[in-house]
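A quick write-up on the structure given underneath.
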Amino acid sequence: MHIHSSIAEMRAALTNRGRIVLVPTMGNLHAGHIALMTSARSHGDTVLATIFVNRLQFGPNDDFDRYPRTFQADCDQLAAAGVDLLFAPTEADLYPEPQQYHVDPPEIAHQLDGEFRPGHFRGVATVVLKLFNITQPQVALFGKKDYQQLMVLRHMTRQMALPIDILGGETVRADDGLALSSRNAYLSSAERAEAPRLHRVLNQVSAAVRAGEREFARLEREAASELDQHGWKTDYVAVRRQADLQRPQPREEHALVVLAASRLGSARLIDNVEIDAVGSR
Ligand code: PAF
């Protein structure tokens, strides 16, 4: 695997590489990332991963400083997964001068996580557009665990007419259902034992919706309250349409997704469960 940190070197390494599949990450890789790398192989000729902890997408009270940085272990995993190229710029490489032009995403980015992490998706969209410009991929893969991120990036790509297919990779879970995430490292052992409740609660909401329940607001309240009774501090549990993350109309048929973000100790965990099209009763 060839590793590049400067934009110029990265660009030079991309000639005659065929169809490029990009998998952007912030490092601290786990099996979820590696599943994306493996899937990337079937979508093109060159698999290009990036590792960059992007300050622009962290708020002042977020975990930028303590975000786990495990570069050597990440490189070993990427090489073992057959990744061809790694772009791992420093902040000085990617932002040689203060970034003054940003992507300003619309309403889809201001709700849910955007409400609790103002500016987060502006930072994500800005760095991803910059990575797209540098690496010129034909395909880019993002994990569905960050469901709203995937939707914002898909929407940006469509609206900006970027010639890139945006693909979502399935969430990889531990045996007890907890979605793999770099932020699981912040959990104490007692919190780690409690953490799978998030997925269980989402599954309960999903089962109720599949069974025909349409009082979404009540389901959301009950799910948040169940988490909070067990020591969580819930930002939101929300039933939304998969297509645009808008609130579903009770009498229409939509593919839905139940999303949640909640804090357990010092970890803020997010997760979601998709529900295929369900109709009104
Ligand atoms: O999902 C992530 O790891 C990050 O938000 C991304 C897409 C690499 C942008 O920094």
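In listed order, ligands and their atoms are each counted from 1.
Both the sub-6.0 Å distance and the 45° axial angle are not jointly satisfied by R263 relative to the ring of Y236.
Taking a cut-off of under 4.0 Å to the non-hydrogen atoms of P24, the atoms of ligand 1 that pass are 8 (C). Each of the following atoms of ligand 1 lies closer than 4.0 Å to a heavy atom of Q149: 1 (O), 2 (C), 4 (C), 5 (O), 7 (C). Heavy-atom proximity to V127, at under 4.0 Å, picks out these atoms of ligand 1: 9 (C), 10 (O). Less than 4.0 angstrom separates some heavy atom of T25 from each of these atoms of ligand 1: 8 (C).
One option in H33, R55, M26 has a heavy atom closer to atom 3 (O) of ligand 1 than any other, and that option is M26.
For Q57, a nitrogen or oxygen atom sits less than 3.5 Å from a nitrogen or oxygen atom of ligand 1, counting backbone and side chain alike.
Inter-residue side-chain proximity for V128 and F142 is flagged as met; some heavy-atom pair is nearer than 4.5 Å.
The ring pair (Phe, Tyr, Trp, His ring centres under 6.0 Å) test with F52 is passed by exactly one of Y95, Y67, F87: Y95.
Interatomic distance, CD of Q242 versus NE2 of H254, reported as 11.5 Å (0.5 Å rounding).
A side-chain donor-acceptor contact under 3.5 Å links R210 and S206.
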